[in-house]
Amino acid sequence: MSAIVQLADAMGSPMGVPAQSGAGEAPAPGASPAHRIAYEDLREWIARAEALGEIRHVKGASWQEDIGMAAELVQHDENAPCVLFDEVPGCREGERVLTNFFGGRRKNMTLGFPLEYSKLELSQAFLDSYMRELKPIPHQWVESGPILENVLTGADIDITRFPVPLWHEGDGGRYVGTGSYNITRDPEENWINVGTYRVMIHDARTLGFYMSPGKHGRIHRDKYQARGEPMPVVVVAGGDPLQFLVACSEMPYGVCELDIAGGLRGKAVKVVKGRVTGLPIPANAEIAIEGWVQPGKRRLEGPFGEWTGYYGSDVREEPVLDIAAIYHRDDPILLGCPPQRPPEEQARYRAITRSALIRKYVLQAGVPDVTAVWAHEVGGSRLLLGVSIRQRYPGHSKQAGHVAAMCHAGAYAGKYVIVVDDDVDVSNLEDLVWAMCTRSDPASSIDIIRNTWSTPLDPRIPPEEKDKGNNTNSRAIIDACRPFHWRERFPRVNMPSPEVARRAMEKFGYLLKPAAAG
């Protein structure tokens, strides 16, 4: 039986899912949500996902084709299992690849909240419990950890020995950095940044990595280039899923994401000192790559299938990371999170965290009564934002839309912001588009902002503009609220009241279930 058939059979089988240990019961409305992150590293996370019945094991899948095909298959289904690939042909025994970690009920477990929460409730709980008031806990230096079980230097360095897949058939190479994060230090201000950037294997001892302009890691790299100095870098390719999610999120400038992860967990992240660069490396990570980016040294990187669903950045010269050391645990696990055409896994986890961050930033800007924000998965959690408000004054809806479009978490590569009244579920794409179609007027409800922060990954930016480095786009702010001055005269919605809807479900809900076979 082929590896793909094994996986298809596993996906079709029923999943017995026991209750989550330590998750607690869903709180009553208005209560503070119970939350506890009950894992310390990727291996403990796998054990918890196993207990939920949401991991499938596939043996014998090739890195050349099978793993990438399987990842594409499962990542588009939010209820598909996480997959752990073992016994990869041509690779050492015990070396594994994990993909599709953020889905099902395990996404709630990953963030430490009750399994019953909807995605909007999960995002709200993430904001209320963690992000509304950031309380970082500084990382803690330790002498040793599992990551030092194997240290490869000199002639032993060979990144191609690991089961790094070719994720998409059109990719220009194998990408070890998809579910990874890069650790860098600002050469002038000395703060540590942890960010996610794609990392391509050139050969056994060199990597290429793409950083989009404006990202904190790119700012660090540009500073080193301007000073003519090599940049120290650590790439963690198999770490704690919580740390990965933090690294994927737009955190404040100058704040170390290791410390934010510590604050979320309630205790310091333990790190060892890189033997070459001195950078912190999480002590319980699976695989870490340490090295230097020499100023002016470049090689062709890409193409790579990106989160927009296109090969947006094609092939270009990008800086090279010369590997000085590889650290890994015994039987290391590579965390793979390759982008696919949305909606898919990356869009799912970014929607949870980015929606919470945008709502936080809009409220911090002084915009009142923002009842919900959702960064829609179909737009890669960037291109389409829904914002609901309880209207308080003329111009309130436009204010909320413009701030959401331009705050740090919403500004990068956005396209459309739709502002609606609080009777609309912004996480429901059909509800959001219905409100836009019925409560907005194309000639008077749309504001356009030009020359905004985007990325070469945007397929709509003309090639000649990309060639000039003009990676900007425009934004549409769509006011789909009832017009403030005559909102009381706006036609009533043709839907039952909440009380009637509740009674209908109680009395006739059985009609929504499949009929029993005769």
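Just so it is clear, the structure is predicted and the values come from calculations on it, not from any experiment.
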Between [Y] and [X], do the side chains contain a donor N or O and an acceptor N or O under 3.5 Å apart?
{"X": "H168", "Y": "E306", "answer": "no"}
{"X": "S454", "Y": "Y412", "answer": "no"}
{"X": "T455", "Y": "S212", "answer": "yes"}
{"X": "D203", "Y": "T206", "answer": "yes"}
{"X": "W292", "Y": "T277", "answer": "no"}

So, the side chain of [X] versus the backbone of [Y]: is there a donor-acceptor pair under 3.5 Å, distance only?
{"X": "N193", "Y": "C256", "value": "no"}
{"X": "R96", "Y": "E87", "value": "no"}
{"X": "R299", "Y": "E317", "value": "no"}
{"X": "S388", "Y": "A372", "value": "yes"}
{"X": "E121", "Y": "S118", "value": "yes"}
{"X": "D156", "Y": "L152", "value": "no"}
{"X": "D259", "Y": "H139", "value": "yes"}
{"X": "S180", "Y": "A237", "value": "no"}
{"X": "Q75", "Y": "P339", "value": "no"}
{"X": "E257", "Y": "V194", "value": "yes"}

Output the distance between atom [atom1] ([X]) and atom [atom2] ([Y]), rounded to the nearest 0.5 Å.
{"X": "W141", "Y": "K270", "atom1": "CH2", "atom2": "NZ", "result": "15.0 Å"}
{"X": "D331", "Y": "E149", "atom1": "CG", "atom2": "CD", "result": "9.0 Å"}
{"X": "N182", "Y": "F209", "atom1": "CG", "atom2": "CZ", "result": "6.0 Å"}

Using the side chain to side chain donor-acceptor pair (under 3.5 Å) definition, which of the options D41, N150, N284 pairs with R329?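 Testing R329 for a side chain to side chain donor-acceptor pair (under 3.5 Å) against D41, N150, N284 leaves exactly one candidate, D41.
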
Under the criterion side chain to side chain donor-acceptor pair (under 3.5 Å), which of E54, R348, H76, E78 is the partner of N100?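 The side chain to side chain donor-acceptor pair (under 3.5 Å) with N100 is passed solely by R348 among E54, R348, H76, E78.
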
Report yes if some heavy atom in the side chain of [X] is under 4.5 Å from a heavy atom in the side chain of [Y]; otherwise report no.
{"X": "Y39", "Y": "I46", "answer": "no"}
{"X": "S427", "Y": "K119", "answer": "yes"}
{"X": "Q294", "Y": "D322", "answer": "yes"}
{"X": "P241", "Y": "Q243", "answer": "no"}
{"X": "L98", "Y": "C82", "answer": "yes"}
{"X": "I55", "Y": "H57", "answer": "yes"}
{"X": "L264", "Y": "L242", "answer": "yes"}
{"X": "I281", "Y": "V272", "answer": "yes"}

Are [Y] and [X] an aromatic pair, judged by ring center distance below 6.0 Å?
{"X": "Y181", "Y": "Y197", "result": "no"}
{"X": "F304", "Y": "Y175", "result": "yes"}
{"X": "W63", "Y": "F162", "result": "no"}

What is the ring orientation for H408 with H216, classed by angle as parallel under 30°, tilted 30 to 60°, or perpendicular over 60°?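 Taking H216 first and then H408, their aromatic rings lie parallel (interplane angle under 30°).
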
Once you measure the plane-to-plane angle for F126 and Y130, does it fall in the parallel (<30°), tilted (30-60°) or perpendicular (>60°) bin?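 Correct class here is perpendicular.
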
Side chain to side chain contact (heavy atoms under 4.5 Å, CB included) partner of I333, the single match among H328, E95, E286: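 That would be E286; it is the only one of H328, E95, E286 passing the side chain to side chain contact (heavy atoms under 4.5 Å, CB included) with I333.
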
Regarding R185 and the six-membered ring of W191, is the cationic atom NZ or CZ under 6.0 Å from the ring centre and inside 45° of its axis?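 Not flagged: R185 not positioned over aromatic ring of W191.
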
Would K107 pass as a cation-pi partner of F113, given that its NZ or CZ must be under 6.0 Å from the six-membered ring centre and within 45 degrees of the axis?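 Not flagged: K107 not positioned over aromatic ring of F113.
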
Heavy-atom closest contact (R298 atom, P319 atom, distance):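 Nearest heavy atoms, R298 then P319: NH1-CD, 3.6 Å.
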
